[in-house]
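The structure under discussion appears below in the form of structure tokens.
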Amino acid sequence: MKGLVPVKRVIDYNVKPRVKADGTGVDLANVKMSMNPFDEIAVEEAIRLKESGAVTEIIAISVGPAKAQETLRTALAMGADSAILVETDDEVEPLAVAKILKAAAAEVQPGLIILGKQAIDDDSNQTGQMLAALMNLPQGTFASKVVVEGDSVTVTREVDGGLETVKLSLPAIVTTDLRLNEPRYASLPNIMKAKKKPLDVKTPADYGVDITPRIKTLKVAEPPVRQAGIKVADVDELVAKLKNMGVA
Amino acid sequence: MKTLVWVEHDNSAMADATLAAVTAAGKLGEVHLLVAGSGCRAVAEQAAQIAGVGKVHLADNAAYANALAENVAPLIVELMGHHDAFIAPATSHGKNIAPRVAALLDVMQISDILSVEGEKTFTRPTYAGNAIATVESTDAKLVVTVRGTAFDKAETTGGSATIEDVSGAGDAGLSSFVGAEIAKNERPELTSAKVIVSGGRALKDSETFQQVIMPLADKLGAGVGASRAAVDAGYVPNDYQVGQTGKIVAPEVYIAIGISGAIQHLAGMKDSKTIIAINKDEDAPIFQVADIGLVGDLFKIVPELTEKL
Ligand SMILES: Cc1cc2nc3c(=O)[nH]c(=O)nc-3n(C[C@H](O)[C@H](O)[C@H](O)COP(=O)(O)OP(=O)(O)OC[C@H]3O[C@@H](n4cnc5c(N)ncnc54)[C@H](O)[C@@H]3O)c2cc1C
């Protein structure tokens, strides 16, 4: 069974995003970019499934600008076998990404598609569920454990009250949560090897997908800033404050 | 506009998260509810009392018992034949189901809205809440999830909606529910607690977390939260996590203990009314958002605080 892993190039999670002065978006010029952390977890999970024999081949795919090749090379260095870049400089919404992934999956024929549960830039948390809908496949979202057995996959999910387990028939879609695994770092020899792995470049049009946005962004603004308050010297002062607030 | 709101419940009682979604829906027009579950008529009766609700659709079927998205999404799509918008609270059910509905309707979902600015215009947080986008949908129908802390709760009484049974296709045959580990928690729920005591990596281990954080929470009648680091290290279960990818909370008072204040953590709590931080590092970023800070060793401070309250 093949594993397909979509990955997104996003602002590095250590960088504090700054809204552009003209209110059109977040300033990404000269900002460190990395693979979306949840997608790293997805790549790692696919590799572990390959190591355990459940998955035979891993294809990483990204929809984004030419620079997303770097993100795909990272996936290849971690252990993916080949990669596809669906190149576009336009911003592509989750619904259009899902349509592109559906078309790509029709060619790749994966048994399992593992995505991050959300991208840390738009925080949408949609693509996996949308892809599952479009392909009429089951979805195991927010996964903290994935076990493939025969023609099904059992997924433990992080939900509001704790954990929940569902059994899905394969092929299936899984989206990763933080505690599914700890992604490995690519070793230097693997980074070198990754440069020679196949990376196909396509366009949304190759897949016949219209990526015209459905949502217009009218404005992007900073959230209200909180002012730093006061420091108290000791516990007694803190107790007094709490009593003043009527909490204690 | 006629909206259909997903009622969050456990088949016996409605969850509070529903009420913020009803308030958001009310800003768009007529509010209908969907109670999908198994043996959940009591929930529908409870939901029918919410002020301002026009109708409750009740889909009572074993296939809907655990809100599997594969089963309930087609049911919602059917009901969307005569509704203009589907609105769900941004709970784990809502986040799981709504995008599946959106894709089936060929609609781009708007996630986690903070406000309703017009018929099709909303604000929503992006980049861990560091950028608030005002967005307008151009789709024929709307699919929206609602951030619970951003809207007042609708009144749970005063309404007298009619309950209408709907059937739906039932089991899609793609997935099945195996089981759940839902911890019984006597403490106030994070998303509705008035006071939250939250612990971070500094708490060392599960035992220490219990010994240091819980007595203070007990004294204050508070809910207990944690940073991702504390959850990853196994001090507390996953549902304690507050942040960009955990729970979004906005209590009257949030007490962050041994938490540095990474942007991903701040994303989940910086709308709290009063933030109190206890940290031994006076340069910890948490102090930049804290109303009241106390610099020092939490292992001395917290027991003393608990004692003196
Ligand atoms: C994709 C992604 C999503 C994430 N989502 C979340 C999320 O939802 N929620 C979240 O919380 N994090 C999230 N994180 C993690 C986040 O980036 C931080 O790593 C995490 O919040 C740090 O937790 P912490 O503050 O407990 O630990 P640390 O950053 O290690 O801070 C520990 C603090 O304790 C203080 N301390 C140590 N000993 C003492 C003592 N004796 N007395 C007093 N103070 C002491 C230290 O000074 C320090 O400030 C996410 C990260 C990624 C990449």
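Below, chains carry the letters A, B, ... as their sequence lines are ordered, and counting in each starts from 1. Predicted model only: the values in this text are computed from it and were never measured.
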Determine the option with the most heavy-atom pairs under 4.5 angstrom with chain A, choosing from B/N66, B/I263, B/D139, B/T191.
B/D139

Straight-line distance of A/Q129 CD to B/E70 CD, nearest 0.5 Å
10.5 Å

Name the option with the most non-hydrogen atom pairs under 4.5 Å to chain A; the candidates are B/E181, B/K247, B/E282.
B/E181

Looking only at the side chains, is there a donor atom on one of A/S124 and B/Q109 sitting less than 3.5 Å from an acceptor on the other?
no

How long is the span from the CG atom in A/N125 to the OG1 atom in B/T145, to the nearest 0.5 Å?
8.5 Å

Which residues share a side chain to side chain contact (heavy atoms under 4.5 Å, CB included) with B/S176, sequence neighbours left out:
A/K167

Of all of B/I301, B/T274, B/V135, B/L68, which one pairs up most often with chain A through heavy atoms under 4.5 Å apart?
B/V135

Hey, which residues of residues 99-107 of chain A are touching chain B, say heavy atoms under 4.5 Å apart?
A/K99

Per-residue contacts, residues 95-103 of chain B versus chain A, heavy atoms under 4.5 Å
B/K95, B/N96, B/P99, B/R100, B/A102, B/A103

CD1 on B/I292 to CD1 on A/I230, rounded to 0.5 Å
5.5 Å

Is the closest basic N to carboxylate O distance between B/D106 and A/R214 below 4.0 Å?
yes

Going by side chain to side chain donor-acceptor pair (under 3.5 Å), name the residues that satisfy it together with A/R48, two or more places apart in sequence or in a different chain.
A/E44

Interface residue of largest heavy-atom contact number with chain A, from B/V289, B/T121, B/L190, B/D10, under 4.5 Å:
B/V289

Please give me the minimum heavy-atom distance between A/V239 and B/L309, naming the atom from each residue.
CG1-CD2, 4.2 Å

